[in-house]
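This chain uses plain numbering: 1 for the first residue, then up along the sequence.
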Amino acid sequence: MGTDADRRARVAVVGSYNAGYVAEVPHFPVAGETVTAGGYEEVVGGKGSNQAVAAARLGADVSFVGRVGEDRHAETAFDLWNREGVDATAVSRCEEPTGVGIVLVDETGENEIVVVPGANHELGREGVERAADAIGACEVLLVQLEIDDEAVAAAVEVGADRGLDVVLDPAPARELPPEILERVDYLTPNETEARLLAGHPPDSDVDDTTVSERLRSLGVGTVVLTLGADGALVDDGGERTRVPAPDVDPVDTTGAGDAFNGAFAVALAAGETPVAAARFGCGAGAASVTGFDVVPSLPSRATVESLLEDG
Ligand code: RIB
């Protein structure tokens, strides 16, 4: 029989799958402008699925809860989860088409994304509650906002009721009711998402500390503000800790947040402190931006550990 030390961290992810259409552009088009892409690819994506794959690559047992259509994109998704060892038995299907993400990546590696939610917005309370036992078997629940509000609310309820650490990546940002925020143990916004949730314009120059204090006052336990190349700020109300990120040359920043969140959840599920988990997350985020596209550049544990040792 296995001991606790043998047991792998268990992470449940409730979220989206999107088929991805990615174009490499010299610059982002302004209104009315047509830009000619230098390259184009059809890829797998969606913040939920990306985070599930990120966690599985880092050695966790992962259950993914989501909804896809009855189309070819859904078959590609099941192949992905099968290949990556993500348990997708709690993924349901519906008549709406599988979600789609249209991604532009410019020459500096920055991205712009348009999401067409499709089946992701059909997950609903029922799609989550039928997976309650699969979620309850995990230590950490990871949720994002590419699914409908009912599904997000049901996920954090199940997670909190079953005693999991609930991590919410509020991406893409939208206003959230207190019933959701009060059940969140760790909120992991990036800088623009944090400002929007705190009631400021996304490009406001209000400082990070004020933003994280405001977010904590809305009821979340710990705010883990992700700062890209500048690492992360962990604010648990008692202490605020800045966590540096390893220095890398970015090629494509799409999915850096997914790599961060997947890694953060795995480290928490393994019993690490939030600050250590954020450090692991920063290592995974940095590794992920060194390659083009999201899933192909989600790192292994060995890659993250060596980057953190060197950086
Ligand atoms: O975080 C990156 C992801 O956001 C992409 O895979 C795209 O599908 C969108 O969901």
Colleague: What's the separation between atom CG in L145 and atom OG in S16, rounded to the nearest 0.5 Å?
Modeller: 10.0 Å
Colleague: Yes or no on salt bridge (charged side-chain N to carboxylate O under 4.0 Å, His left out) for R125 and E157, after CA distance, side-chain angles and deciding distance?
Modeller: CA-CA 10 Å; R125 175 166 288 278; E157 274 169 46; 3.0 Å; yes
Colleague: May I ask you to check whether S92 and R67 show a side-chain donor-acceptor distance below 3.5 Å?
Modeller: yes
Colleague: Counting only heavy atoms not in D207, do more than 12 sit closer than 6.0 Å to its CG atom?
Modeller: yes
Colleague: Starting from V53, can I reach L268 by hopping between I/L/V/M/F/W/Y residues whose side chains sit under 4.5 Å apart?
Modeller: yes
Colleague: Could you report the tightest heavy-atom contact between L164 and D185, atom names first, then the distance?
Modeller: O-OD2, 3.5 Å
Colleague: Say you draw a straight line from CZ of R242 to CG of D230; how long is it, rounded to the nearest 0.5 Å?
Modeller: 8.0 Å
Colleague: Starting at OG1 of T254, measure out to CG of D293 and round the result to the nearest 0.5 Å.
Modeller: 7.5 Å
Colleague: Show, in sequence, the C-alpha distance, side-chain angles and deciding distance for V266 and R301, and conclude whether the side-chain contact (heavy atoms from CB on, under 4.5 Å) test is met.
Modeller: CA-CA 10 Å; V266 171; R301 177 172 288 273; 3.6 Å; yes
Colleague: If you draw a 6.0 Å radius around CD in E95, do more than 12 non-hydrogen atoms from other residues or ligands fall strictly inside?
Modeller: no
Colleague: What distance separates D149 CG from L176 CG, expressed to the nearest 0.5 Å?
Modeller: 7.0 Å
Colleague: Under 30°, 30 to 60°, or over 60°: which ring-plane class applies to Y40 and Y21, parallel, tilted or perpendicular?
Modeller: parallel
Colleague: Can you check side-chain contact (heavy atoms from CB on, under 4.5 Å) on H27 and V35, steps first, answer last?
Modeller: CA-CA 8 Å; H27 61 268; V35 167; 3.6 Å; yes
Colleague: F280 vs L58, test: side-chain contact (heavy atoms from CB on, under 4.5 Å). Steps then yes/no.
Modeller: CA-CA 10 Å; F280 193 58; L58 293 167; 4.0 Å; yes
Colleague: Does a sphere of radius 6.0 Å around CD in E33 hold more than 12 heavy atoms from other residues, nucleotides or ligands, not counting ones at 6.0 Å or beyond?
Modeller: yes
Colleague: Between the side chain of T76 and the main-chain N/O of R72, is any donor-acceptor distance below 3.5 Å?
Modeller: yes
Colleague: Measure from the side-chain N and O atoms of T98 to the backbone N and O of G69, and report whether any donor-acceptor pair falls under 3.5 Å.
Modeller: yes
Colleague: How many angstroms lie between CZ in R240 and CG in L225, if you round to the nearest 0.5 Å?
Modeller: 11.5 Å
Colleague: Tell me whether L233 shares a hydrophobic cluster with V167, the cluster being built from Ile, Leu, Val, Met, Phe, Trp, Tyr side chains joined at under 4.5 Å.
Modeller: no
Colleague: Give the ring-plane orientation class for F78 versus W81, where under 30° counts as parallel, over 60° as perpendicular and anything between as tilted.
Modeller: perpendicular
Colleague: Are I180 and V158 grouped together when hydrophobic residues (ILVMFWY) are joined by side-chain heavy atoms under 4.5 angstrom apart?
Modeller: yes
Colleague: Find out whether L218 and P178 are in side-chain contact, i.e. whether some heavy atom of one side chain is under 4.5 Å from a heavy atom of the other.
Modeller: no
Colleague: Mind checking the CG-CG spacing from N50 to N261? Nearest 0.5 Å is all I need.
Modeller: 11.0 Å
Colleague: Is the shortest heavy-atom distance from the side chain of I135 to the side chain of V128 under 4.5 Å?
Modeller: yes
Colleague: Taking V100 as the starting point, is it possible to reach V105 by hopping between hydrophobic residues whose side chains are less than 4.5 Å apart?
Modeller: no
Colleague: Do P170 and L187 have side chains that approach each other closer than 4.5 Å (heavy atoms only, starting at C-beta)?
Modeller: yes
Colleague: Would a distance-only check, ignoring hydrogens and angles, find a side-chain to backbone donor-acceptor pair under 3.5 Å from S63 to D87?
Modeller: no
Colleague: Could you list all the side-chain hydrogen bond (donor to acceptor under 3.5 Å, both in side chains) pairs where at least one residue sits in residues 114-123, not counting sequence neighbours?
Modeller: N18-N120
Colleague: Which heavy atom of D71 sits nearest a heavy atom of P97, and at what distance?
Modeller: OD2-CA, 3.5 Å
Colleague: May I ask you to decide if G124's main-chain N or O and D148's side chain share a donor-acceptor pair within less than 3.5 Å?
Modeller: yes
Colleague: Decide whether Y17 and V86 are clustered together by the hydrophobic rule: side chain heavy atoms of Ile, Leu, Val, Met, Phe, Trp, Tyr closer than 4.5 Å, transitively.
Modeller: yes
Colleague: Does this structure show an ion pair linking R93 with E75, if we count only N-O contacts that are shorter than 4.0 Å?
Modeller: yes
Colleague: Does P250 offer a backbone N or O that forms a donor-acceptor pair with the side chain of T290 under 3.5 Å?
Modeller: no
Colleague: Which heavy-atom pair separates A278 from V224 by the least distance, and what is that distance?
Modeller: CB-CG1, 4.3 Å
Colleague: Taking atom CZ of R195 as the centre, report whether more than 12 heavy atoms of other residues, nucleotides or ligands fall under 6.0 Å from it.
Modeller: yes
Colleague: Please examine the side chains of S49 and L80, heavy atoms only from C-beta on, and report whether any two atoms are closer than 4.5 Å.
Modeller: yes
Colleague: So which heavy atom on I147 is nearest to which on V152, and how close?
Modeller: CG1-CG2, 3.7 Å
Colleague: Is there a side-chain contact between R279 and L308 (heavy atoms, below 4.5 Å)?
Modeller: yes
Colleague: Is there a side-chain contact (heavy atoms from CB on, under 4.5 Å) between V43 and V295? Walk through the geometry before answering.
Modeller: CA-CA 8 Å; V43 302; V295 166; over 6 Å; no
Colleague: Do you know the tightest heavy-atom contact between V166 and R183?
Modeller: CB-O, 3.5 Å
Colleague: On a heavy-atom basis, which atom in D252 and which in G291 lie closest, and how many Å separate them?
Modeller: CB-O, 3.6 Å
Colleague: Whether the side chain of E139 engages the backbone of R10 through a donor-acceptor N/O pair (distance < 3.5 Å, no angle test) should be reported.
Modeller: yes
Colleague: Hey, which of E146, Q144, E193 is the one that makes side-chain contact (heavy atoms from CB on, under 4.5 Å) with P172?
Modeller: E146
Colleague: With a 4.5 Å cut-off on side-chain heavy atoms, are S300 and R57 touching?
Modeller: no
Colleague: Does a side-chain heavy-atom distance below 4.5 Å link Y186 with V140?
Modeller: no
